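Here the structure is laid out as structure tokens; the discussion comes afterwards.
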There are 2 protein chains.
Amino acid sequence: MKPANLHDVARRAGVSHQTVSRVINGHPSLRPDTRDRVLAAIAELGYRPNATARALATRTSRTVGVVSSGDPNYGPSSTMSGFTSACRDAGYAVQVATVPAVDRASWHAGVSDLVDRGVDGVVVVAARVAELAAARDLTINQPLVLVTSGSAPKISTVSVDQVAGAALATQHLIDHGHRSIRYLAGPDDFNDAGARLDGWQAAMARAGLAVRPPLVGDWSARAGYELGVALADDLSFTGVVSGNDQMALGLIHALSDAGISVPGDVSVVGFDDIPEAEHFLPPLTTIRQDFAEVGRQTMGLMLDLLAEHQPRSVSIPPQLISRRSVARSRV
Amino acid sequence: MKPANLHDVARRAGVSHQTVSRVINGHPSLRPDTRDRVLAAIAELGYRPNATARALATRTSRTVGVVSSGDPNYGPSSTMSGFTSACRDAGYAVQVATVPAVDRASWHAGVSDLVDRGVDGVVVVAARVAELAAARDLTINQPLVLVTSGSAPKISTVSVDQVAGAALATQHLIDHGHRSIRYLAGPDDFNDAGARLDGWQAAMARAGLAVRPPLVGDWSARAGYELGVALADDLSFTGVVSGNDQMALGLIHALSDAGISVPGDVSVVGFDDIPEAEHFLPPLTTIRQDFAEVGRQTMGLMLDLLAEHQPRSVSIPPQLISRRSVARSRV
DNA sequence: GGCTATGGCGCATCCGGTGCT
DNA sequence: CAGCACCGGATGCGCCATAGC
């Protein structure tokens with residue numbers, strides 16, 4: 001059985017289909033009894049408005065698209081989840097596109113596909129610098145908001161303040177008497193990695209401490225482990241801030257294998273506060289990012305743009321979660 | 001400037017708009033030079049077909065909807081990611097809806113919204129039993145595929161074989177000489193929790209071992225920790241299989257706090273193989289689920305249904321990943 | 001065979017028309 | 001007779017399908 005349409009409802013209620021359209025869209029001038037008759041017909045027929053037709057006629061779909069690389073990491077997927085909820089609350093649907101590669105062409109294709117499908121706006125989750133670059137020179141007529149660290153002129157962006165977060169972590173170590181603090185960086189091609197590195201360097205410089213070269217990993221626990229093995233050989237430091245919690249986990253693993261105690265011999269601060277961090281051995285002191293808030297703010301900016309407001313950027317402050325992996329320096 | 005439409009292209013190429021429609025849809029009977037002229041006009045105008053209009057006319061959108069509760073856990077978000085990629089490869093777009101609560105009404109509303117927006121099919125990711133129940137009595141005209149453990153008659157479902165996975169974990173412990181093996185279960189209201197519990201019980205029974213009551217947690221590392229504290233008091237077992245890796249992490253934490261060595265005193269097997277599991281202390285022996293494959297299979301079943309085939313179910317075998325948290329029993 | 005005209009898909013919206021006060 | 005509240009006819013959104021030339 002075909003779904004009922006406006007005409008069917010109109011016939012059933014003994015009015016024209018335009019009148020039905022009016023009651024659906026809450027038009028004011030309608031006699032109450034006609035309204036009720038129409039409503040009754042709608043209920044009896046189980047009529048549901050066809051969003052596609054409406055989109056075609058109004059040129060707006062109440063849908064926003066989001067494109068991301070689709071890695072199931074804690075940060076991106078939490079952001080997605082928060083954003084999707086915010087969309088629902090705002091009465092918008094969301095269409096997602098994952099992109100198979102990081103090159104510009106793939107990203108532009110992903111965005112184009114979304115636009116062709118009629119989304120009212122698009123949000124780009126750009127973790128890598130190449131992705132951010134691709135997003136920056138996007139030219140579309142729809143509102144665009146970027147979720148990323150690193151900024152872009154004339155574009156709405158939302159980000160967690162990574163620089164402040166890394167500085168917070170570093171300062172925490174400094175406050176505990178540490179003076180030689182190493183940094184485990186994420187890969188160069190990630191925006192967050194660069195920003196966090198900057199934060200560490202800035203905090204070190206502010207305290208007049210020597211900035212030694214960062215150790216670079218790929219975010220994985222395995223990388224943290226390997227870096228930790230190397231670090232265990234040359235124990236010329238008492239603190240390390242890790243670019244994320246996973247690398248901190250691997251690092252602690254390696255240190256432990258080498259008979260080095262955390263936080264007895266070295267203190268460690270992570271970044272992200274993944275749910276597991278609380279139960280690492282020892283429970284990890286780390287920097288928490290409020291991804292749900294990121295999602296909400298993203299939709300907020302989108303709604304702004306949709307209402308023809310100017311682009312603006314919001315930065316969300318991270319928070320230090322103090323647990324057991326940091327102790328006062330003994331040297 | 002308004003985007004170009006079929007008419008504009010037709011005028012520019014000096015043909016009618018149907019002819020343009022034909023070249024776009026790859027219709028065979030077209031003189032090569034008209035084709036080229038049209039293609040040129042398309043390129044010059046930067047014409048892009050309007051998917052909304054096409055959807056209205058053809059009644060198919062090449063879009064599938066997926067509804068889930070949106071928790072950013074490793075399993076669900078990996079599944080999402082795998083599925084989204086599979087959709088892209090098949091030329092389908094995906095619209096996601098997260099549901100704010102687990103009750104039936106919310107789920108039906110989520111599905112209805114997707115259907116109203118014109119998706120060609122919907123996939124439901126049902127982690128909780130209430131969600132599965134809600135999905136089971138869904139009545140829609142579109143193809144439906146369920147991603148869940150637990151089955152549903154006459155509906156296409158894809159799942160990882162949780163029973164086999166838990167049996168695998170348990171048997172691994174048995175093979176290492178363990179005879180008293182406890183089980184850390186996930187909450188009752190999760191489908192996976194029940195299935196894994198069944199697998200453990202079956203394996204224990206098969207080996208003629210006593211089945212003691214499971215300890216029930218909520219999947220979190222914290223719960224694993226608390227259960228571990230209780231367990232440490234009464235060390236009447238040598239092995240434990242945990243319903244997921246996070247609880248295993250918390251458990252190991254608690255055991256370690258109590259001076260109990262893993263795997264020296266007790267052996268532990270997890271479930272999921274989250275990326276961090278490899279670097280727990282000790283590296284965790286666990287059951288890996290191939291979520292990317294789940295995503296691919298899900299789209300495969302959807303495509304089947306879209307091609308008017310009968311519903312069918314696929315079960316994906318999990319795999320034991322042997323690491324360091326299991327040792328031969330000393331008792 | 002190669003192409004054009006016509007008629008929808010389901011809805012919104014401008015505009016013009018009733019009946020009433 | 002002016003003015004308002006309410007309703008319906010025609011037209012179009014951008015495309016596809018069918019029949020026709």
Side-chain angles (χ1 to χ4, degrees), chain A residues 1-39 41-42 45-63 93 113 115-120 141-142, chain B residues 1-39 41-42 45-63 93 113 115-120 141-142:
Chain A
M1 195 185 72
K2 294 228 160 306
N5 65 15
L6 269 193
H7 263 100
D8 302 329
V9 175
R11 247 206 329 269
R12 181 105 156 119
V15 298
S16 81
H17 68 128
Q18 296 60 345
T19 303
V20 178
S21 177
R22 283 192 182 136
V23 351
I24 290 168
N25 297 354
H27 193 95
S29 28
L30 275 178
R31 213 166 340 174
D33 64 323
T34 353
R35 230 182 82 86
D36 292 346
R37 234 176 36 244
V38 171
L39 252 20
I42 287 177
L45 262 34
Y47 166 77
R48 320 229 53 180
N50 179 317
T52 303
R54 192 194 298 240
L56 183 59
T58 59
R59 259 162 272 235
T60 47
S61 56
R62 287 189 81 79
T63 295
D113 182 53
V115 169
D116 290 347
R117 285 175 185 275
V119 300
D120 292 344
N141 296 319
Q142 286 76 6
Chain B
M1 196 186 71
K2 296 233 158 303
N5 64 18
L6 271 192
H7 263 100
D8 302 329
V9 175
R11 247 206 330 269
R12 180 107 158 121
V15 298
S16 81
H17 67 131
Q18 290 29 341
T19 304
V20 178
S21 176
R22 283 200 181 131
V23 351
I24 291 168
N25 297 355
H27 194 94
S29 31
L30 275 178
R31 212 171 335 174
D33 65 323
T34 0
R35 229 181 82 87
D36 292 346
R37 232 172 43 241
V38 170
L39 252 20
I42 287 178
L45 262 32
Y47 167 77
R48 320 228 52 179
N50 179 319
T52 304
R54 191 193 300 235
L56 183 60
T58 59
R59 261 159 260 251
T60 48
S61 56
R62 287 190 82 78
T63 295
D113 182 52
V115 169
D116 290 347
R117 286 176 184 273
V119 300
D120 292 344
N141 296 319
Q142 286 75 7

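In what follows, chains carry the letters A, B, and so on, assigned in the order in which the sequence lines appear, proteins first and then strands, with residues in each chain numbered from 1. Note that the structure is predicted; figures quoted are calculated from it, not measured.
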Across all chains, not counting sequence neighbours, the side chain to side chain donor-acceptor pair (under 3.5 Å) partners of A:Arg48 are B:Asp116

For chain B and DNA chain D, what are the first and last nucleotides along the strand, 5' to 3', with at least one atom under 4.0 angstrom from a heavy atom of the protein chain? D:dG14 to D:dA19

Considering only heavy atoms of chain B and a distance under 4.0 Å, specify the first and last nucleotide of DNA chain C in 5' to 3' order that meet this criterion. C:dG2 to C:dG10

When you compare the side chains of B:Ser16 and B:Gln18, does any donor N or O come within less than 3.5 Å of an acceptor on the partner? no

Ignoring hydrogens and angles, tell me if any N or O in the side chain of B:Ser61 forms a donor-acceptor pair with the backbone of B:Gly118 under 3.5 Å. yes

Touch check for A:His7, heavy atoms < 4.0 angstrom, all strands: base, sugar-phosphate only, or nothing? nothing

Do side-chain atoms of A:Arg37 reach the backbone of A:Ala13 as a donor and acceptor pair under 3.5 angstrom? yes

What does B:Arg59 touch in the nucleic acid at a heavy-atom separation under 4.0 angstrom: a base, only the sugar-phosphate, or nothing? sugar-phosphate

Can you name the closest pair of heavy atoms from B:Val23 and B:Leu39 and give their distance? CG2-CD1, 3.6 Å

Test side-chain contact (heavy atoms from CB on, under 4.5 Å) applied to A:Arg11 and A:Asp8, step by step: CA-CA 5 Å; A:Arg11 247 206 329 269; A:Asp8 302 329; 3.2 Å; yes

Run the side-chain contact (heavy atoms from CB on, under 4.5 Å) check on B:Val20 and B:Ile24 step by step: do they pass? CA-CA 6 Å; B:Val20 178; B:Ile24 291 168; 4.0 Å; yes

Go nucleotide by nucleotide along DNA chain C from the 5' end; which of B:Thr34 and B:Thr58 gets its closest nucleotide reached first? B:Thr34

Audit row: A:Asn5, A:Asn50, side-chain contact (heavy atoms from CB on, under 4.5 Å) steps and yes/no: CA-CA 8 Å; A:Asn5 65 15; A:Asn50 179 317; over 6 Å; no

